[in-house]
Protein chains: 2
Amino acid sequence: MQPTDSELVILQVLWSAGPTTVRAVNEQLNNNSPKEIGYTTTLKLMQLMSEKGLVTRDTSSRTHIYAAAPKENVQKNLLRRFVDNAFGGSAAGLVLRALGDGQTSSEELAEIKRLIEELENGKAND
Amino acid sequence: MQPTDSELVILQVLWSAGPTTVRAVNEQLNNNSPKEIGYTTTLKLMQLMSEKGLVTRDTSSRTHIYAAAPKENVQKNLLRRFVDNAFGGSAAGLVLRALGDGQTSSEELAEIKRLIEELENGKAND
DNA sequence: GGTTTTCTACGAATGATTTCGTACAAATAT
DNA sequence: ATATTTGTACGAAATCATTCGTAGAAAACC
């Protein structure tokens, strides 16, 4: 199932921190935000995420350890839906809009160009 | 303000059809979906969208004519938020993921490459 | 051993989105 | 002219997301 916006915030923390506890995630959230988020709020969200399969958890000790679903899968799913919803299914439309913003560095542009050339030559992405 | 997913579906209809009536939008929605959507549901959504500024409407005759906010603005706003939420702010990350799916045609790839080269040469997007 | 802290589970309040029923006016058809 | 259809407005139910309080068990502290 798809993550909501709040769930995505938590996924980002988990992606960057690796598998960790509710407490650690909650502290991270409260570092990066003016508005205090209660511990049990984070707990509940992560429990729901576990039911949805967005995280797995190791419950072998009392303090559970949560791990995010693979970033690549989640992002691909989100992207598919977003492209459908907002760009009528056209990934190229989205890319053009994203690059058109002028916020992408020349290094990144070069990297993207390299990927495109690989794709044009039929190479797999290794 | 940001459109919700249902609102986006309506915006897409309006973008593709041009300014039109609630009735026409509702019929379009019911063509492309198995689940029947009531007329007043669509009406209410479009009224709310009007309050949010996502559409404008001409109320000079009894049957109101709705027009979508400019696609480019809406998509840019959505994109900014999506990049932040799902890609930690990296538009390049999103682009790489979007192109990596192998669903983009060579024509589109060429067009994107052309845009990148324009950007690299410091040209504006005309 | 008793107190305090730390944990999970869970129910329920709050708030936003989506859905539709009903009221009632204007237009159309008979 | 009366009845039917087509339109808007609006209230409120249904659903989903977010938030947190409270209960009770396990662990840590004194």
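Proteins get letters first, then strands, A, B, ... in listed order; numbering begins at 1 in each.
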Legend entry - Modelled atom types, side-chain donor and acceptor of N77(A) and R80(A), under 3.5 Å: yes
Legend entry - Sugar-phosphate only, base, or nothing, as touched by T41(B) at under 4.0 Å among non-hydrogen atoms: base
Inset, instruction - Tell me what T40(B) touches on the nucleic acid: a base, only sugar-phosphate, or nothing, going by heavy atoms under 4.0 Å. - result: base
Inset, instruction - Would you kindly check if the NZ (Lys) or CZ (Arg) of R97(B) is within the cone defined by 45 degrees around the ring axis of F87(B) and under 6.0 Å from the six-membered ring centre? - result: no
Legend entry - Listed nucleotide nearest any side-chain atom of T4(B), set dT8(D), dT17(C), dA26(D): dT17(C)
Inset, instruction - Return yes if the base of dG11(C) and the side-chain atoms of K44(A) contain a donor-acceptor N/O pair under 3.5 Å, otherwise no. - result: yes
Inset, instruction - Answer yes or no: is there a donor N or O on one side and an acceptor on the other, between the side chain of D58(B) and the main chain of I65(B), under 3.5 Å? - result: no
Legend entry - Under 3.5 Å donor-acceptor pair, R62(A) side-chain atoms to dT6(C) base atoms: yes
Inset, instruction - Tell me which of L48(B) and Q47(A) sits closer to the 5' end of DNA chain C, going by the nucleotide each one is nearest to. - result: Q47(A)
Inset, instruction - Please state whether the phosphate of dA9(D), meaning OP1 or OP2, lies under 4.0 angstrom from any side-chain nitrogen or oxygen of R57(B). - result: yes
Inset, instruction - Answer with base, sugar-phosphate or nothing: what part of the nucleic acid does S6(A) contact at a heavy-atom distance below 4.0 Å? - result: sugar-phosphate
Inset, instruction - Could you tell me whether the side chain of N121(B) and the main chain of E117(B) form a donor-acceptor pair under 3.5 Å? - result: yes
Inset, instruction - Return the 5'-most residue of the pair Y39(B), T63(A) with respect to DNA chain C, ranking by each residue's nearest nucleotide. - result: T63(A)
